[in-house]
S.K.: 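If you scroll down you'll find the structure; I have some questions about it.
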Amino acid sequence: MAATTRARSKAQSTEVARAQIPPTSSPTITKPSKTTSMTISKKASAVRNHLKNTKAAALNATKSTSAKKLDSPSLFKTSPRSRCLAGGPKGPKVYDDLGFELSYEACAGISRGGICRPRGKKYYDMEDERARERTRQREIMGTERNNVSALTFMAWNDRVARELGIPYHKVEMKHFEELAKRGFVGKEGEFEAVNMSEEERNRLSKLCTGAAFRA
């Protein structure tokens with residue numbers, strides 16, 4: 001009897017405790033209004049436009065800076081080769097002091113005939129070919145071997161260029177042979193440095209300077 005009474009008392013206490021605990025309410029999820037969604041969308045669009053405009057402005061600034069570099073007066077105080085390199089392979093045409101157009105590949109040191117390593121077979125073959133050409137050129141131009149100098153080579157090329165009507169820097173061995181076929185005979189001592197005036201020496205030096213960079 002006592003046990004039954006205690007069990008009922010315990011059950012009643014549990015029911016009272018449960019009654020005192022407030023019910024748990026589920027969180028209320030509030031959907032954004034149509035006005036709020038439009039505001040968020042406008043802000044996102046404004047951010048995208050701002051980033052787009054900033055990128056465009058930076059690109060224009062870069063182009064403007066590059067153009068200013070090419071048009072800068074200080075740039076044109078440098079050598080023609082420096083201006084050619086600054087313009088790049090697709091830049092504006094650049095001419096040297098004598099009016100010859102420069103080649104970007106030549107100015108940049110880009111070989112058109114492949115790499116020729118010093119002391120390699122190709123190098124020695126090239127040197128042998130050059131020696132044979134010099135000997136033949138000397139025969140055609142009528143110059144004694146002991147009287148040949150750097151100015152002599154310049155004078156030879158200049159004479160061939162003028163006789164055949166081609167640019168100085170375009171003269172090759174085949175042009176010397178063409179001159180020989182035409183019956184050219186050089187005068188004795190004509191191409192010796194000791195017989196050249198100072199004015200002629202300066203002219204040949206200017207003509208030769210930078211010839212390797214011409215197109």
Side-chain angles (χ1 to χ4, degrees), residues 70 75-118 120-145 147-215:
L70 290 177
L75 178 64
F76 287 87
K77 293 180 181 180
T78 59
S79 67
R81 178 170 179 258
S82 298
R83 298 200 303 272
C84 185
L85 291 173
K90 296 183 180 180
K93 294 182 178 181
V94 178
Y95 301 88
D96 62 15
D97 296 337
L98 297 181
F100 293 106
E101 182 182 350
L102 300 188
S103 164
Y104 174 82
E105 288 76 12
C107 291
I110 302 174
S111 175
R112 296 176 181 175
I115 299 175
C116 182
R117 297 180 179 179
K121 183 178 183 304
K122 186 176 180 180
Y123 172 79
Y124 287 116
D125 289 345
M126 183 181 68
E127 287 296 305
D128 291 340
E129 179 65 21
R130 182 178 297 175
R132 288 192 292 271
E133 288 183 353
R134 290 302 190 195
T135 300
R136 177 57 180 154
Q137 290 172 1
R138 183 169 50 80
E139 294 173 354
I140 294 173
M141 306 308 288
T143 308
E144 294 293 332
R145 181 175 182 179
N147 297 329
V148 175
S149 64
L151 277 172
T152 301
F153 297 144
M154 298 178 197
W156 286 351
N157 286 354
D158 176 56
R159 186 60 180 274
V160 172
R162 288 189 287 114
E163 289 287 340
L164 300 183
I166 60 176
Y168 173 89
H169 59 282
K170 294 287 188 179
V171 174
E172 298 178 5
M173 187 61 217
K174 62 182 180 181
H175 298 118
F176 279 86
E177 296 293 353
E178 176 64 24
L179 194 64
K181 290 180 181 179
R182 296 187 181 189
F184 174 82
V185 178
K187 297 178 181 180
E188 184 178 355
E190 179 181 0
F191 303 106
E192 296 177 14
V194 293
N195 296 328
M196 298 180 192
S197 64
E198 184 176 356
E199 182 181 0
E200 180 67 4
R201 292 183 184 185
N202 292 335
R203 185 186 71 83
L204 290 174
S205 296
K206 289 181 180 179
L207 193 60
C208 179
T209 302
F213 302 137
R214 295 168 187 161

S.K.: So do L102 and R214 actually touch side chain to side chain, heavy atoms under 4.5 Å?
M.R.: yes
S.K.: Looking only at non-hydrogen atoms, find the nearest pair between R81 and C107 and report the distance.
M.R.: NH2-O, 2.7 Å
S.K.: How far apart are the closest heavy atoms of A155 and M196, and which atoms are they?
M.R.: CB-CE, 3.7 Å
S.K.: Looking only at heavy atoms, what is the nearest atom pair of D97 and P80, with distance?
M.R.: OD1-CG, 4.3 Å
S.K.: Carefully, step by step, assess K181 and E178 under the rule salt bridge (Lys or Arg N to Asp or Glu O under 4.0 Å).
M.R.: CA-CA 5 Å; K181 290 180 181 179; E178 176 64 24; 5.0 Å; no
S.K.: Mind checking the CZ-CZ spacing from R134 to F153? Nearest 0.5 Å is all I need.
M.R.: 4.0 Å
S.K.: Within this structure, what is the OH-NZ distance for the pair Y168 and K206, rounded to the nearest 0.5 Å?
M.R.: 14.5 Å
S.K.: Test: side chain to side chain donor-acceptor pair (under 3.5 Å). Region: residues 150-163. Which pairs qualify, not counting sequence neighbours?
M.R.: T143-W156, S149-T152, D158-R162, D158-R203, R159-E163, R159-E190
S.K.: Using 0.5 Å steps for rounding, measure from the CG atom of D96 to the CZ atom of R83.
M.R.: 9.5 Å
S.K.: Give the intermediate values and the outcome of side-chain contact (heavy atoms from CB on, under 4.5 Å) for residues F176 and E133.
M.R.: CA-CA 10 Å; F176 279 86; E133 288 183 353; over 6 Å; no
S.K.: Just by distance, do the side chain of H169 and the backbone of A212 share a donor-acceptor pair under 3.5 Å?
M.R.: no
S.K.: Would you compute the distance between atom CD of E144 and atom CD of E188 and round it to the nearest 0.5 angstrom?
M.R.: 7.5 Å
S.K.: Quick check: closest heavy atoms across A161 and V171, and the distance to 0.1 Å?
M.R.: CB-CG2, 3.9 Å
S.K.: Between CD of E200 and CG of N195, what distance do you get to the nearest 0.5 Å?
M.R.: 11.5 Å
S.K.: Quick check: are there more than 12 heavy atoms from other residues, nucleotides or ligands sitting under 6.0 Å from CG of D128?
M.R.: yes
S.K.: Tell me the closest heavy-atom pair linking L164 and H175, and the distance in Å.
M.R.: CD1-O, 3.5 Å
S.K.: If you measure from CG on L151 to CZ on R201, what distance do you get to the nearest 0.5 Å?
M.R.: 6.5 Å
S.K.: So, for P167 and F100, which heavy atoms are closest and what is the spacing to 0.1 Å?
M.R.: CB-CE2, 4.2 Å
S.K.: Within the 4.5 Å heavy-atom criterion, are I140 and E177 side-chain neighbours or not?
M.R.: yes
S.K.: Would L207 and M154 count as a side-chain contact (heavy atoms from CB on, under 4.5 Å) if you check the C-alpha gap in whole Å, the side-chain angles of each, and the deciding distance to 0.1 Å?
M.R.: CA-CA 8 Å; L207 193 60; M154 298 178 197; over 6 Å; no
